[in-house]
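The block underneath contains the structure these notes are about, expressed in structure tokens.
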Amino acid sequence: MTEIITKKLNDSAAARWTALLIVSFTMMCGYFITDVMAPLEDLLTKLPAEGGLGWTSDEYGFFSGAYGYINVFLLMLFFGGIILDKCGVRFTGTMSSALMLIGTLIKWYSLNDTFDGEIFGWPTQVALAALGFAIFGMGAEITGITITKIIAKWFTGHELALAMGLQVAMARIGTAVALACSLPFAKAWGNISAPVLLGAAFLCIGLLAYLVYCVMDSRLDKSNGATDGVPNEEEFHISDLRNIFANKGFWIIAILCVLFYSGVFPFLKFATKLMIYKYNVDPQLAGLIPAMLPFGTILLTPVFGTIYDRKGKGATLMIIGSAMLMLVHILFALPILNVWWFAIVIMIILGIAFSLVPSAMWPAVPKIIPLKQLGSAYAIIFYIQNIGLSMVPILIGEVIQSYSTIETSEGVTYDYTIPMLIFALFGVLALVMSLYLKSEDKKKGYGLELPNVKK
């Protein structure tokens with residue numbers, strides 16, 4: 001009797017790479033909005049007579065940290081992971097993409113009016129902008145865990161780390177465009193909210209793209225004999241959370257994640273102003289130097305992902321990247337070579353670090369956690385990460401306002417030594433956790449040092 005073998009849709013290279021391209025585009029649009037306000041910090045903190053909005057550094061820090069407020073304090077990211085594992089990628093991704101768009105429109109509206117009064121002690125404009133950013137952040141993080149699970153679903157047994165690396169690379173395109181173009185675009189249109197409106201238009205396109213992916217996902221499930229994202233025999237149960245919480249390797253990766261990303265994303269929120277006041281870069285060009293970081297990861301993350309797929313050494317890649325993060329912020333803190341070319345050199349090193357760790361860290365999670373629990377596992381990691389993304393900008397904003405702001409006869413200037421030492425500490429702790437992870441991998445045999453591609 002001839003055995004009939006049914007080919008799964010993700011066995012087709014063209015199908016899985018097309019799916020990756022579509023969902024990565026949606027995430028790229030989200031990353032544009034995540035960092036669209038970072039180059040505008042100096043403009044935001046100028047007085048209205050100078051074309052700004054008159055925000056203070058701590059108000060900007062409060063706004064920047066708002067990205068994770070709903071995720072952290074209302075546990076929405078945690079619940080988002082449960083929704084993902086219970087309801088599947090089609091429903092969850094569509095919902096979260098719509099939330100990104102709604103939050104962006106609220107943020108755009110808030111920047112178009114001065115408003116009167118205060119809300120919970122913050123100026124109304126700042127509070128509304130923070131609310132919009134918080135709603136956007138909820139949608140963006142749930143979209144992130146959804147897309148990560150989608151990639152694991154399509155690429156397990158194939159080029160998993162490369163696929164995750166390419167998704168990160170496309171996301172960094174959104175970040176790079178935001179950092180490089182936001183301030184010139186705002187000045188060209190004469191309105192600080194113009195880049196936010198542009199981002200809202202991108203998100204509309206991203207939402208439509210995700211709906212196209214949903215059709216492909218339905219076809220994949222039919223070829224796998226599954227319902228929306230979860231094979232029937234592997235349905236997720238709330239009790240499965242116990243297995244995640246009891247996994248030491250999972251917790252090491254989660255803590256490493258929050259430490260590493262706390263040394264990168266919050267830094268980018270303040271990096272443009274750092275370039276202006278420490279490295280004497282023209283404000284019109286200052287956003288281009290931080291933009292080099294995501295542009296570098298666009299090229300390097302897929303390269304390191306391919307190395308992990310073919311050669312392994314995932315834990316080692318995380319160790320090297322964490323050590324480089326520590327070095328970068330120490331160099332930023334030192335009062336040496338306060339010139340633009342040295343800032344570029346340091347940013348290139350940070351770009352390499354920012355490629356090494358994510359290219360190894362995200363593909364490592366499916367080696368520790370089963371697919372049916374993967375959405376919740378990523379959600380918990382993202383939740384812990386959001387604690388850092390929410391609290392660190394507030395901390396840095398307060399430090400800059402209290403300890404780094406210097407009044408002179410020529411105006412206000414800033415000393416970034418203390419903020420950069422705080423970021424360097426995150427690098428030190430990330431290095432400790434990455435070394436611990438490699439040790440644990442040797443004991444438990446997770447396979448983090450082994451290749452991903454099955455021969």
Side-chain angles (χ1 to χ4, degrees), residues 9-10 12-36 67 80 83-84 87-108 132 135-155 158-160 162-178 181-182 195-223 228-229 294-295 297-298 301-302 305 358 362 375 378 382:
L9 183 60
N10 61 330
S12 165
R16 64 178 180 266
W17 289 110
T18 299
L20 175 69
L21 178 64
I22 293 172
V23 297
S24 296
F25 175 79
T26 301
M27 200 71 249
M28 180 180 70
C29 296
Y31 268 72
F32 177 87
I33 287 294
T34 299
D35 292 298
V36 74
Y67 179 91
I83 292 170
L84 173 58
C87 300
V89 298
R90 296 197 287 275
F91 170 81
T92 309
T94 303
M95 174 194 72
S96 58
S97 298
L99 286 171
M100 286 198 293
L101 178 58
I102 292 169
T104 300
L105 290 174
I106 293 173
K107 183 163 70 170
W108 170 75
I135 294 173
F136 165 83
M138 174 173 58
E141 291 297 300
I142 295 175
T143 301
I145 61 172
T146 302
I147 290 175
T148 305
K149 184 170 183 176
I150 286 170
I151 296 172
K153 177 179 177 181
W154 284 78
F155 284 89
H158 300 287
E159 314 89 341
L160 179 60
L162 175 59
M164 288 189 173
L166 288 171
Q167 186 272 315
V168 170
M170 284 193 66
R172 301 296 180 253
I173 293 175
T175 297
V177 172
C181 302
S182 181
V196 180
L197 184 61
L198 177 64
F202 287 155
L203 284 172
C204 286
I205 301 171
L207 176 57
L208 293 174
Y210 193 84
L211 294 175
V212 172
Y213 165 75
C214 288
V215 177
M216 292 190 66
D217 187 80
S218 178
R219 291 180 57 203
L220 174 64
D221 285 345
K222 289 178 181 177
S223 73
D228 182 15
F295 273 125
T297 62
I298 291 166
T301 306
W362 298 121
Y378 278 124
F382 278 43

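Nothing here was measured: the structure is a model prediction, and the numbers come from that model.
Taking every heavy atom of both residues into account, Gly80 and Ile145 meet most closely at C-CD1, 4.1 Å. Nearest heavy atom pair, residue Trp362 against residue Met164, reads C-SD, 3.6 Å.
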Exercise for the section: In sequence, state the C-alpha distance, the side-chain angles, and the governing distance for Asp221 and Lys153, and then conclude on side chain to side chain contact (heavy atoms under 4.5 Å, CB included). Expected result: CA-CA 10 Å; Asp221 285 345; Lys153 177 179 177 181; 2.9 Å; yes
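Applying the side-chain contact (heavy atoms from CB on, under 4.5 Å) rule to Ile106 yields the partners Ile102, Ile135; only residues at least two apart in sequence or on another chain are considered. For Ser96, the side chain to side chain donor-acceptor pair (under 3.5 Å) partners at least two apart in sequence or on another chain are Thr143. In this view, Met170 and Leu21, Ser24, Phe25, Met28 satisfy the side-chain contact (heavy atoms from CB on, under 4.5 Å) rule, not counting sequence neighbours. For Ser182, the side-chain contact (heavy atoms from CB on, under 4.5 Å) partners at least two apart in sequence or on another chain are Val36, Pro39, Leu40, Pro195. Under the side-chain contact (heavy atoms from CB on, under 4.5 Å) criterion, Ala13 pairs with Arg16, Trp17, not counting sequence neighbours.
Side chains of Phe32 and Leu198 form a contact here, defined as non-hydrogen atoms less than 4.5 Å apart. Counting only heavy atoms from C-beta outward, the side chains of Lys107 and Ile33 approach each other to under 4.5 Å.
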Would you list the atom pairs, donor with acceptor, under 3.5 Å between side chains in residues 200-213 and any protein atom, with sequence neighbours excluded?
unit_1 : atom_1 : unit_2 : atom_2 : d
Tyr210 : OH     : Val89  : O      : 2.5
Tyr213 : OH     : Trp154 : NE1    : 2.9
Tyr213 : OH     : Asp217 : OD1    : 2.7

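Here the straight-line distance linking atom CE of Met95 with atom SG of Cys87 works out to 8.0 Å at 0.5 Å rounding.
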